[in-house]
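Within every chain, numbering begins at 1; the chains are lettered A, B, ... in the order of the sequence lines, protein sequences first and strands thereafter. As a basis for the values below, the full set of heavy atoms in this structure was taken, side chains included, without hydrogen atoms, waters or symmetry mates.
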Amino acid sequence: MKLHNTNSTPKKVRVRFAPSPTGYLHVGGARTALYDYLFAQKFGGEFILRIEDTDEERSKDEYMWSQLEDLKWLGLTWSEGPQVETQKETGDLGPYQQKYRLEIYKKYIDQLLDQGQAYYCFLTEGELDQQREVAKKNKLPFRPLSPSRDWSKDKALAHTKENQLQPTVRFKNNFKNKKFEFKDLVRGDMSFPSDMIGDFVIQRSSGMPVYNFVCTIDDALMKISHVFRAEEHLSNTLKQLMIYETLGFDRPEFAHLSIMLGEDRQKLSKRHGATSVSQFKEEGYLPEALTNFIALMGWSSPSGEEILSQKEMIDNFSSDRFNSASSVFDPEKLKWMNAQYLRKLEHQDLWQRLQVFFDKEHLKLPQDKTWVDMALETFKSSMETLKDAVELFRPICPDHFKLEDSASEVMAWETTAKVLEYWKSEVSNYPHDYLSAEDFKALTKKIQKDCEVKGKPLFMPLRVALIGAPQGVELAKLIPLLSRQEILRRVSVVLGV
RNA sequence: GUUCCCUUCGUCUAGAGGCCUAGGACAUCGCCCUUUCACGGCGAAGACACGGGUUCGACUCCCGUAGGGAACGCCA
């Protein structure tokens, strides 16, 4: 399955991520970018960012910047292309936004036109539809048949002017019975027959060239050595190979990554829940966990280790460990992995990352180091995402105390009132501002003895009086996080005083 | 319809002809820890899509079949 790696890096490694700014950065795109980045890092090459914005209707600069920011958030940095901070480009082979490269494309379109390897096509959409229908009826593959296929450039231009037309430009597929072969880094030897496609459009009637053309030109001009892209581009490669060949460009190596699916085995999309990188960010996933997780969809480390730092991924990265089968995105495993990373974080770091989530919910927490350390130590093992901290910390936040419905059963117990009254009076006589875990333990022993209550009927009411709910973290750990005053206030609230 | 790609536990995967009684991870279930909920520890269950070849021997190589996917766009 994976004997086809060349394992050689003859050319200077230059890889590119080429998103089209028609939406937010998708985890699928993020994975491609990640592989680009890892590959470049591993082989000391360059990682280039190119913006494929030839779809004038759907492309928006706003999307471009958001995608770039998400890429940076993931820790993937590039040496050439538009940069977020300066809003300017770096690199010598720009511009890196295709809409600013139109002159370049025009030159090559003209060259093809002059050489008779492309032609102006005056077929209307209606005519094309008709041809398509005929092909379908005869169970033949559709190949556009253009009357102007063999016209000279001058004749076509004259015709255009005379009739005020806006023709497209089609690449003339004159390859007869030729097999286009290449070695895919993921799939091995690939071969496409030249008659798999007909003459294809390389320039729209608007004058804007199309993806398969500009992509090829730019990869060649930007000296891209390896193209990592999603599997859906596999069949496009034939068109691009034809262009490489007629223009005499060196072609890069290709790696067509398997596709990411949702749990219903359909292509991962919005209806499967979160799919954009920014959504995962908002839900409290760590960039290092997200990249680790997506790296493992379609690639594996030689050791079989699953928790891998960026450095470990770089060190172990190679294109012979790609899996060619598509994979299903499993949000549960992502959560698990995120939890692993969360627990490894330094408290100071974790606390800092938590602030944006607390702020959003107007949670005001103490900030002194001892308290933070204690609180984090108590709660971090219950967190899977940063956002989980909100519900964990809310109960110990003074302004947010309330009695949950789940507490009503406990409150109805016969012994509950007695326990809480006793608890209240003990705490009010306590000499310090905060109770220690040890003092709390001693105190519960005392209650147990004097009230003749133990086990659940003892601890559940106390928990309710502390956080408003009968379930949660260990009481001894919770106690030192609340001031004596706050504890008293709460027990009063619960007792309805 | 044509061309091309893909198929190992529910999910991510390991697997380069004998190391396979198919390994690991998530999820699931059980036990332990625990006054609750988690964390953690230990354990169980669970897969080579199917059929033919080739071979002394096939998860691995070849050919079919089935299922899934892509392209056949003036989307990328």
Side-chain angles (χ1 to χ4, degrees), chain A residues 1-3 18-22 52-55 57-59 121 123-125 128 132 135-144 166-170 184 186-187 190-193 195-198 200-212 214-215 229-239 256 258-259 261 263 265-267 293 296-307 320-321 323-337 339 343 379-384 392 410 444 448 454-460 462-463 469-476:
Chain A
M1 197 192 284
K2 37 200 67 157
L3 296 166
S20 57
T22 54
E52 310 232 319
D53 51 5
T54 54
D55 183 341
E57 267 118 68
R58 298 198 300 146
S59 296
C121 173
L123 252 20
T124 63
E125 226 164 289
L128 247 12
R132 229 171 253 128
K136 199 174 174 184
K137 207 153 89 190
N138 297 327
K139 302 200 168 182
L140 254 33
F142 163 63
R143 302 284 179 260
Q166 290 194 306
T168 59
V169 176
R170 277 182 194 275
D184 191 278
V186 180
R187 278 151 228 283
M190 290 290 112
S191 171
F192 296 108
D195 64 357
M196 186 173 138
I197 53 169
F200 54 94
V201 171
I202 53 175
Q203 180 176 289
R204 301 174 174 88
S205 52
S206 66
M208 183 63 86
V210 306
Y211 164 76
N212 278 301
V214 296
C215 174
R229 53 158 65 138
E231 184 190 348
E232 62 221 55
H233 290 293
L234 190 55
S235 351
N236 282 329
T237 308
L238 175 59
K239 292 177 183 172
H256 287 95
S258 57
I259 227 153
L261 308 173
E263 56 195 340
R265 298 216 147 260
Q266 299 296 303
K267 208 168 147 184
F293 179 73
L296 261 21
M297 297 193 70
W299 178 82
S300 59
S301 74
S303 68
E305 292 285 324
E306 297 209 288
I307 305 286
D320 59 352
R321 295 197 63 84
N323 188 338
S324 51
S326 50
S327 50
V328 173
F329 190 91
D330 180 7
E332 285 303 316
K333 190 160 181 178
L334 205 212
K335 265 191 188 168
W336 168 81
M337 191 168 276
R343 280 164 216 167
F379 290 125
K380 71 176 177 184
S381 62
S382 316
M383 289 164 51
E384 287 188 307
L392 254 14
V410 174
T444 52
Q448 190 173 325
K454 59 176 183 175
K456 259 168 115 176
L458 167 62
F459 291 96
M460 290 255 183
L462 289 181
R463 183 174 283 107
Q471 291 184 336
V473 293
E474 202 183 322
L475 287 175

*Is there a donor N/O on one and an acceptor N/O on the other, under 3.5 Å, for the side chain of A:K333 and the base of B:A25?*
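Under the 3.5 Å cut-off, the side chain and the base do form a donor-acceptor pair.
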*Output yes when at least one side-chain N/O atom of A:S327 is less than 4.0 Å from OP1 or OP2 of B:U13, else no.*
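It does, given that an N or O in the side chain of A:S327 lies less than 4.0 Å from OP1 or OP2 of B:U13.
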Once you apply a heavy-atom cut-off of 4.0 Å, does [X] come out as touching a base, just sugar-phosphate, or nothing?
X: A:G304; result: nothing
X: A:K139; result: sugar-phosphate
X: A:M337; result: nothing

*Hunt down the Watson-Crick or G-U wobble partner of B:G30, both distances under 3.5 Å, from any strand shown, or write none.*
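Base partner found: B:C42.
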*With both distances under 3.5 angstrom, what nucleotide forms a Watson-Crick or G-U wobble pair with B:G67?*
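Matched B:G67 with B:C6 under the 3.5 Å cut-off.
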Between [N] atom [atom2] and [X] atom [atom1], what is the distance in whole Å?
X: A:E306; N: B:G23; atom1: CD; atom2: P; answer: 16 Å
X: A:K136; N: B:G1; atom1: NZ; atom2: P; answer: 11 Å
X: A:L392; N: B:C37; atom1: CG; atom2: C1'; answer: 11 Å
X: A:D320; N: B:G15; atom1: CG; atom2: C1'; answer: 14 Å
X: A:F200; N: B:U3; atom1: CZ; atom2: C1'; answer: 15 Å
X: A:E263; N: B:G10; atom1: CD; atom2: P; answer: 15 Å
X: A:W299; N: B:A14; atom1: CH2; atom2: P; answer: 11 Å

*Mark up nucleotides 65-76 of chain B, 5' to 3', with B wherever a protein heavy atom is under 4.0 angstrom from a base atom, S wherever such an atom reaches only the sugar-phosphate, and - elsewhere.*
----SBSSSBBB
_Which nucleotide in B:C6, B:G10, B:U3 has an atom nearest any side-chain atom of A:S324_ =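 Minimum distance to the A:S324 side chain belongs to B:C6.
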*For the side chain of A:F459, starting at C-beta, report the closest nucleotide among B:C26, B:U35, B:C4.*
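So the side chain of A:F459 is nearest to B:U35.
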Between the protein and nucleotides 43-50 of chain B, which nitrogen or oxygen pairs come in under 3.5 angstrom?
none

_Torsion-based syn/anti label for B:C39, 90° from 0 as limit_ =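 Judged by the O4'-C1' to base torsion, B:C39 sits in syn, the angle falling within 90° of 0.
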*Side chains of A:T237 and A:R229: is there a donor and an acceptor less than 3.5 Å apart?*
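Yes.
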*Side-chain contact, heavy-atom cut-off 4.5 Å: A:F379 with A:V473?*
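A side-chain contact under 4.5 Å exists here.
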_So, applying side-chain hydrogen bond (donor to acceptor under 3.5 Å, both in side chains) with A:Y211, which one of A:E52, A:H233, A:K239 is it?_
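Testing each of A:E52, A:H233, A:K239 against A:Y211, the sole residue satisfying side-chain hydrogen bond (donor to acceptor under 3.5 Å, both in side chains) is A:H233.
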Just the atom pairs and distances: protein N or O near nucleotides 39-42 of chain B's N or O, under 3.5 Å.
unit_1, atom_1, unit_2, atom_2, d
B:C39, O3', A:R343, NH1, 3.1
B:G40, OP1, A:R343, NH1, 3.3

